[in-house]
Every structure is written in C-alpha cells, then in structure tokens.
2 protein chains.
Amino acid sequence: MVSIKDVAKAAGVSDKTVSRVVNREPNVSTDTVEKVRSAIDRLGYIPNLAARSIRSSRSGIVGIITDYVSTTPYSGDIVRGIQAWAEAQGRTVLLASTNGDPHREREVWRTFQAHRLDGVLHVAMYRRVVEPENGDIHIPTVLVNARPKRAGSFHSIEPDDFGGSRALARHLLELGHRRIGYIRLNPLLLGANERYEAFRETLQEAGLGQADLDVRLGMEGPIGEEENFVFRETTAMLSAPDRPSAVACGNDEMALQAYLAALQLGLRVPQDVTIVGFDDFRTISLALKPELTTVALPYFDLGWQGAEILDGVIAGPAESGRNRSLECRLVPRASSGPPHQA
Amino acid sequence: MVSIKDVAKAAGVSDKTVSRVVNREPNVSTDTVEKVRSAIDRLGYIPNLAARSIRSSRSGIVGIITDYVSTTPYSGDIVRGIQAWAEAQGRTVLLASTNGDPHREREVWRTFQAHRLDGVLHVAMYRRVVEPENGDIHIPTVLVNARPKRAGSFHSIEPDDFGGSRALARHLLELGHRRIGYIRLNPLLLGANERYEAFRETLQEAGLGQADLDVRLGMEGPIGEEENFVFRETTAMLSAPDRPSAVACGNDEMALQAYLAALQLGLRVPQDVTIVGFDDFRTISLALKPELTTVALPYFDLGWQGAEILDGVIAGPAESGRNRSLECRLVPRASSGPPHQA
DNA sequence: AAACTAAATGTCGACGTCGACATAGCTGAT
DNA sequence: ATCAGCTATGTCGACGTCGACATTTAGTTT
C-alpha cells in the first residue's frame with residue numbers, strides 16, 4: 001500500500017511537504033504542489049485514515065445503533081438521512097444493530113469505542129423510551145426517534161405525533177365528519193397513545209362526545225409478533241348500523257387492512273367511508289387506490305437533524321435543544337372526503 | 001484515552017505482556033493474566049483498532065455500497081443479512097450509499113480505500129447488471145443482488161427469479177387454472193423479464209396457448225419515478241367477459257393494487273379470482289386479507305452468503321462459485337385457490 | 001552589504017499496537 | 001555442575017501521519 005513516504009520519494013520532497021499538500025496547508029510553492037499532486041495521482045496515493053485517527057484521536061466516523069430493523073421498513077429512511085448528512089460532512093458511517101438484545105448492545109458500544117468513533121446516533125425503529133446500554137463508555141450520543149429514560153441524560157429528536165394527529169383529526173372535522181372510528185396501534189408503541197390522545201382530545205374540543213367515537217384496538221402483543229385484529233375490527237365497525245363515516249388508523253399498514261375490509265363490505269372509499277392512515281409509508285399510501293390521506297413522519301429529517309445535533313454535541317457539549325421535536329405534516333389525498341349524505 | 005501502556009504501568013508489566021493477554025497468546029502465567037485483566041477492567045481499557053489496523057494493514061471492516069435505498073424498503077434485509085454475518089465474525093460494517101450517482105460512487109470507493117477496508121459488498125436494491133465505479137481502487141468485492149457487466153469480473157450472488165417464477169406458475173396450474181393474467185414489472189428491472197419468461201414458458205409447456213395468457217404492463221419509466229398502470233390494467237383485465245381465473249403480479253406491491261381492483265369490481269379473493277404476488281414483502285403480503293400467495297426472495301441470505309463469499313475472496317482469491325444463485329421459494333397462502341366453477 | 005523578515009521546506013518524534021528478537025528463570029537430563 | 005530446552009517476560013522498532021520545531025532560501029529594509 002502506497003504511503004506518504006512513497007509519494008515524497010517520487011516527488012523528491014519530504015513526507016511532511018506531501019502532508020502539507022494533502023491537507024491544503026498554506027506556504028507551499030505552486031510548483032511543489034504541482035510536483036506532489038502529480039506524484040499522488042501517478043501512484044494512486046490515498047491517505048490512511050487509521051493512521052490519521054491514531055495521531056489525532058478523532059476518527060471522523062459516526063456510529064448508528066439500531067434496534068429492530070426488519071419490522072419497520074420505512075424507518076430505514078432515518079438511516080438514509082444520517083448517511084446523507086455524513087456524506088455532506090465527509091464523515092463515514094458505521095452501522096450496527098442490536099435486535100433489541102441488551103447484551104449485544106453492550107458489545108456494540110465496545111466495538112464503537114474500539115474504533116474511537118466521534119459520536120453515536122442511537123436510533124429506535126419505532127418511537128419509544130430508551131436507555132442506552134453503554135456501560136461505562138462515553139461517546140457523544142443523540143437519541144433518534146426516541147426519548148431518554150432519564151430526562152436530560154441524552155439529547156434526542158422525535159417526531160411530533162401529537163401535533164400530526166391533531167391535524168388529522170381537524171382535517172376530518174373540517175370535511176364534516178361527526179361519527180368517526182379509530183383503530184389503535186399497539187399500546188406498546190409510544191406513538192400509539194399520543195396519536196390516540198391527540199385525536200380524541202381534538203374531537204372532544206370540537207364538541208363530539210364519547211358515543212361519536214368508535215375506538216378499537218388494532219394490534220397487541222410484543223413487537224414483531226403482535227396479534228393483528230385490524231381487519232376483523234374494521235369489518236365489525238363498518239357493519240354496524242350506525243357505522244362511522246370516517247375511520248382513522250394508527251398507521252398506514254392498518255389503513256390498508258381497513259381498505260380491504262371496507263371494499264369487501266361493498267363500501268367505496270371515500271364516497272361511503274373515508275379512511276386515513278398515519279406515517280405516509282409510501283409503498284402503501286401511494287399504492288392504495290384512491291391514494292391514502294395520511295400524516296407524513298419526517299423520518300429522513302429525524303436522521304439528518306439528529307446527526308446535526310450530534311455534531312454540535314461533539315464540537316462542545318452545548319446545553320441547548322436537548323429534546324427536539326419535528327412536525328408531522330398532514331398529507332391530504334383522495335381517500336378522505338365529505339361524509340355520505342345518507 | 002487509556003492505552004496499552006497505561007494498563008502495563010498499572011499492572012506492573014510491560015506493554016507487550018498486556019498485548020499478549022489481550023490477544024490471548026499462550027505462555028503467560030496465570031497470575032500475570034489475572035493482574036493484567038484486573039488492570040484492564042479497572043481502567044476500562046479497550047484496544048484501539050485504528051492502531052491495530054495500521055500495524056497489520058487489515059482493518060477488520062467491510063463496506064456496503066448501496067444504490068437506491070429508499071425505493072425498495074424490503075431489500076434492507078440484505079443489509080441485515082450482511083450485518084448479522086459481520087457480527088458473528090467480529091467484523092464491523094461501514095455503510096455508504098450512492099443514490100445511483102457514479103461520481104458519488106467513486107468518492108465512496110476512495111473513502112473505503114482510505115479506511116483500508118478488507119472488502120466491499122456492492123449491493124443493488126433491485127436486481128440488475130452492475131459495473132462498479134471503483135476507478136483504479138482494488139478491494140476484494142462481491143456483487144449482491146446483481147451481476148457484473150463483464151462476466152467473471154466480480155463474484156456475485158443473485159436470487160433465482162426464474163426458478164421462483166416457474167414454481168409459481170406450476171402452483172397455479174396445479175390448482176387448475178387455465179386462463180391466467182400476468183401484470184409485468186417495469187422492464188428496466190432484470191427480474192422483470194426472468195419472472196415473465198419463466199412464467200410464460202411454464203404455462204406453454206403445460207399446453208396453454210397465447211390466448212390463455214393475458215399479459216399487461218404494470219409499470220414503466222425510470223426507477224423511482226415510474227408510471228403505474230396496475231390498478232387500471234387489472235381492472236380492465238378483470239372486467240373482460242372472459243376474465244382470467246388467476247392473476248399473477250410482478251411483485252407484491254402490484255398484487256396489492258390487483259386486490260383493490262378485484263374488490264372494487266365485487267370479486268372475492270380467491271373464490272372469484274386468485275391473486276398471487278412475488279417478493280414476499282411481508283408488510284404487504286401478510287397485511288392483505290386473505291394473506292397473499294407469493295414467492296419469497298431470500299434477501300437476508302443474499303446478504304449473509306454474499307458476505308461469506310466475500311470472506312473467501314479476502315482470504316485468497318478462490319476461483320470457485322463465481323456466481324451463486326439462491327432459490328426463491330413459493331409461499332402458498334390463502335389468496336390462491338382453485339378456479340371458480342362457472 | 002549587513003540585518004532582518006517571511007516563506008518554503010525539512011527533521012524528529014509520538015500516537016497505540018504488536019512482530020521479531022532478546023533475555024531471564026526454571027526443570028531435568030547428563 | 002553443566003547445559004539443553006522450556007516458559008515467561010521484556011526491549012525495540014515499524015506501521016502512516018502530522019504537530020512542534022529547526023533550517024534554508026528569497027525578499028525587503030536601512
């Protein structure tokens with residue numbers, strides 16, 4: 001492997017001068033620069049970052065720790081956001097996954113420490129409260145799509161499920177819906193309660209009562225092996241004589257099943273029943289016909305901005321912005337419309 | 001940062017002895033090991049892999065280059081497979097993405113070279129022919145879910161779309177279907193043609209003629225911004241008087257739209273029409289009711305086995321198994337049944 | 001022309017680790 | 001008592017880079 005010394009020899013200068021050229025230091029004569037550049041190209045020299053790292057004790061690498069990658073394909077966007085940021089910064093990204101195993105997580109932290117990472121993004125694939133298992137290893141860390149167990153122990157960034165759900169509820173109210181069904185997410189998910197509470201609260205503020213909201217539990221059980229009642233419950237809900245004119249679902253996967261239930265009952269979306277989702281998981285929301293009204297989760301930006309926050313923490317532990325929250329925007333599409341005039 | 005020398009001092013031995021303990025070398029007395037171990041724990045020493053890397057010129061890191069991560073969420077499983085393997089090997093994974101930009105890809109290769117990666121997995125998110133833009137950088141490389149442009153230039157591993165599609169066609173024939181619809185994938189995808197050809201061929205071998213197979217194009221246009229005709233075409237196909245008793249779709253996302261089309265026409269799956277997909281993208285295939293008969297793509301194993309092959313290439317450029325192919329298994333579920341006895 | 005300044009380049013060593021080699025201590029055979 | 005043959009441990013230097021500092025060269029001032 002060609003080193004700085006080989007280049008130096010080829011260019012007839014000292015290794016330090018090559019280093020200066022590579023790092024764009026001032027006070028190098030133009031023709032020296034020229035000579036060195038050409039030698040570098042000729043030999044195909046590429047600086048050894050490991051060596052740099054050991055001299056400067058900064059690796060230029062940030063790590064990503066994820067938990068359950070498989071179960072939620074969309075939140076891969078978080079990783080994409082982080083990568084895009086890293087790319088723009090000329091940093092590199094080391095990826096590790098724990099599958100939710102604390103023992104495995106401790107190993108990951110050790111590995112990260114061994115690589116002398118500059119910082120770590122601890123990414124949760126579904127939003128939840130998190131207590132990083134970092135042992136006594138201290139690397140600047142930011143939680144993404146999660147919040148720290150002990151408030152203030154970590155910086156973090158989360159989506160504003162609450163606000164998004166309010167926007168969704170307002171959308172249905174504005175369309176004129178007064179009897180509304182709601183299919184709840186697995187209560188284990190942090191977003192589940194916020195989405196539901198925001199929804200219920202908004203409807204109540206608009207004067208709707210207990211009886212106007214038909215709430216059903218769509219999923220239950222441990223993550224990755226939950227039981228799914230969405231189809232059954234939606235079918236039941238829409239078969240009732242006083243069926244709601246709109247059904248809001250905890251996420252888009254549930255909305256898909258609600259579509260199927262509605263269609264099998266011979267109901268048309270949105271003429272007979274409005275269906276809305278949450279997440280804007282585009283593989284589903286755009287594949288559904290009519291396309292699905294939903295709320296977009298800013299996964300990419302969670303990653304990007306999480307990385308930005310991390311950068312700040314690395315530069316110097318600033319105390320500001322400990323817990324950032326990102327807006328979830330309503331995405332109105334064709335699956336929502338005014339209630340059928342019965 | 002605590003180094004091997006700090007540990008040596010604390011334990012009252014030489015740094016080399018600490019190194020021996022850390023690397024489990026023989027011929028160290030048990031109580032020396034004990035002393036050193038305790039010092040390591042006390043100080044929280046973790047070996048610096050960068051330093052190790054510069055001495056041994058092997059980093060223990062493998063890189064993943066992906067192209068379009070966003071468009072195909074399921075193939076994130078490939079990355080999971082690679083990670084799982086790396087974890088088992090005590091290696092680490094560096095992740096980079098090109099978004100299909102050749103310029104960006106060259107940068108990635110430079111970065112990988114700068115980190116002195118042991119090997120690279122060049123992962124395509126949809127199966128295709130690939131020519132890595134690695135400039136004059138030579139790191140052991142394996143193509144995953146892709147095949148090299150110049151045969152033999154790289155080792156590679158791909159799914160056997162052809163075999164999977166044959167199995168699917170046979171499944172429909174065995175159920176008794178004799179009029180079959182087929183919704184084709186975007187012809188840009190390598191899998192598209194193989195799937196279609198295998199399907200057509202299998203039906204022909206069984207004696208079905210041109211007229212028994214209704215083929216429609218479901219998608220067209222550049223990846224990520226293709227036009228989607230699936231819903232329209234399926235609706236047309238199923239509205240025809242001599243409608244097929246089964247519809248096979250190029251992938252599960254298309255199958256989802258075929259479901260919607262069928263249901264909106266008042267057809268029941270599978271009593272009135274059988275619908276099958278391809279990919280076993282479980283977010284869809286399991287959410288559909290009835291659950292979708294499909295063909296599972298071995299994404300996880302593509303990653304894992306691709307990594308294994310890479311390991312072999314790193315160890316010594318073995319010439320065997322240049323181009324491995326992995327079986328795609330039929331996953332029979334409830335969406336396929338015998339044709340309706342009209 | 002002497003004296004000084006600024007720019008250009010070089011020398012050296014340290015970062016953390018471990019291979020090559022050297023040395024010290026012990027056992028047992030002669 | 002001597003020496004071979006172990007095992008246990010230590011010393012040294014090199015990997016590739018770059019900061020601290022030293023030296024040389026060119027340019028400016030008086």
Side-chain angles (χ1 to χ4, degrees), chain A residues 1-40 43-61 90 92 110-118, chain B residues 1-37 39-40 43-61 90 92 110-118 137:
Chain A
M1 189 52 58
V2 27
S3 84
I4 209 170
K5 295 199 174 132
D6 302 314
V7 176
K9 203 172 297 170
V13 298
S14 76
D15 52 353
K16 178 66 219 199
T17 297
V18 177
S19 166
R20 276 189 260 258
V21 172
V22 169
N23 296 292
R24 298 194 159 65
E25 288 179 37
N27 301 336
V28 185
S29 76
T30 29
D31 55 333
T32 303
V33 171
E34 189 41 51
K35 270 192 306 191
V36 172
R37 284 264 159 74
S38 107
I40 287 177
L43 302 180
Y45 166 72
I46 294 180
N48 184 329
L49 294 181
R52 221 175 245 182
S53 155
I54 135 180
R55 262 208 111 281
S56 64
S57 59
R58 307 189 78 244
S59 60
I61 306 177
T92 325
R110 279 187 61 84
T111 307
F112 280 6
Q113 175 75 310
H115 282 289
R116 302 299 190 263
L117 297 201
D118 294 343
Chain B
M1 190 51 60
V2 26
S3 84
I4 208 170
K5 295 200 175 132
D6 302 313
V7 176
K9 204 171 298 171
V13 298
S14 76
D15 52 353
K16 178 67 219 197
T17 298
V18 176
S19 166
R20 276 189 259 258
V21 173
V22 169
N23 295 293
R24 297 193 161 65
E25 288 179 37
N27 300 336
V28 184
S29 75
T30 27
D31 54 335
T32 302
V33 170
E34 189 43 49
K35 270 192 306 192
V36 173
R37 284 264 158 75
I40 286 177
L43 302 180
Y45 166 73
I46 294 180
N48 184 330
L49 294 182
R52 225 176 243 183
S53 156
I54 136 179
R55 261 206 111 285
S56 64
S57 59
R58 306 188 79 244
S59 60
I61 306 178
T92 325
R110 278 188 62 83
T111 307
F112 280 5
Q113 175 75 308
H115 282 290
R116 303 298 190 264
L117 296 201
D118 294 342
I137 292 165

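Numbers restart at 1 for each chain; the letters A, B, ... are given by sequence-line order, proteins then strands. Because the structure is a prediction, the values reported are computed rather than measured.
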B:Val7 vs B:Val21, test: side-chain contact (heavy atoms from CB on, under 4.5 Å). Steps then yes/no. CA-CA 11 Å; B:Val7 176; B:Val21 173; over 6 Å; no
Kindly give the heavy-atom pair with the smallest separation between [X] and [Y], and that separation in Å.
X        : Y        : result
A:Ala51  : B:Ile54  : CB-CD1, 4.2 Å
B:Val2   : A:Arg116 : O-NH2, 4.2 Å
B:Val22  : B:Pro47  : CG1-CG, 3.9 Å
A:Ala50  : B:Ser53  : CB-OG, 3.6 Å
A:His115 : A:Ser59  : O-CB, 3.7 Å
B:Ala10  : B:Leu43  : CB-CD1, 3.9 Å

Remember a base hit wins even if backbone is also touched, and classify A:Val22 as base, sugar-phosphate or nothing at under 4.0 Å, heavy atoms. nothing
Just to be sure I understand the rule, does B:Ser14 reach a base, reach only the sugar-phosphate, or reach nothing, if contact means heavy atoms closer than 4.0 Å? base
Separation of atom [atom1] in [X] from atom [atom2] in [N], rounded to whole Å:
X        : N      : atom1 : atom2 : answer
A:Ile54  : D:dA14 : CD1   : P     : 15 Å
A:Asp15  : D:dC18 : CG    : P     : 10 Å
B:His115 : D:dT17 : NE2   : P     : 13 Å
B:Leu49  : C:dC15 : CG    : P     : 19 Å
B:Ile46  : C:dG16 : CD1   : C1'   : 14 Å
A:Lys5   : D:dC18 : NZ    : P     : 12 Å
A:Lys9   : D:dG16 : NZ    : P     : 11 Å
A:Arg58  : D:dT17 : CZ    : C1'   : 16 Å

Quick one: pull up CG in A:Asp31 and CZ in A:Arg37 and give me the separation to the nearest 0.5 Å.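 CZ of A:Arg37 is found 13.0 Å from CG of A:Asp31.
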Roughly how far, to the nearest 0.5 Å, is the OG1 atom of B:Thr111 from the CD1 atom of A:Ile61? 10.5 Å
From the set [options], return the single nucleotide nearest to any side-chain atom of [X].
X       : options                : value
B:Tyr45 : D:dC18, C:dT17, D:dG10 : C:dT17
A:Val13 : D:dT11, D:dT17, C:dG10 : C:dG10
B:Lys16 : D:dT17, D:dG19, C:dC18 : C:dC18
A:Asn48 : D:dG16, C:dC18, C:dT17 : D:dG16

Report for the helix from C:dA1-D:dT30 to C:dT30-D:dA1: angle between first-end and last-end helix axes, five pairs each, rounded to 10 degrees. 60°
Contact list (N/O, under 3.5 angstrom) for nucleotides 21-28 of chain D vs protein:
none

Answer yes or no: does a side-chain N or O of B:Thr17 lie under 4.0 Å from OP1 or OP2 of D:dG10?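 For D:dG10, OP1/OP2 do have a side-chain N/O of B:Thr17 under 4.0 Å.
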Within the modelled atom types, does a donor on one side and an acceptor on the other bring the side chain of B:Arg55 and the base of D:dC15 under 3.5 Å apart?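 Between D:dC15 and B:Arg55, which were checked side chain against base, a qualifying N/O pair under 3.5 Å is absent.
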Carefully, step by step, assess A:Arg52 and A:Asn23 under the rule side-chain contact (heavy atoms from CB on, under 4.5 Å). CA-CA 11 Å; A:Arg52 221 175 245 182; A:Asn23 296 292; 3.5 Å; yes
Proximity to DNA chain D (any heavy atom under 4.0 Å), residues of residues 23-32 of chain A only: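 Close to the strand are A:Asn23, A:Glu25.
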What's the verdict on side-chain contact (heavy atoms from CB on, under 4.5 Å) for A:Ser3 and A:Asn48, showing C-alpha distance, side-chain angles and the deciding distance? CA-CA 8 Å; A:Ser3 84; A:Asn48 184 329; over 6 Å; no
Side chains of B:Met1 and A:Ser57: closer than 4.5 Å at any heavy-atom pair? no
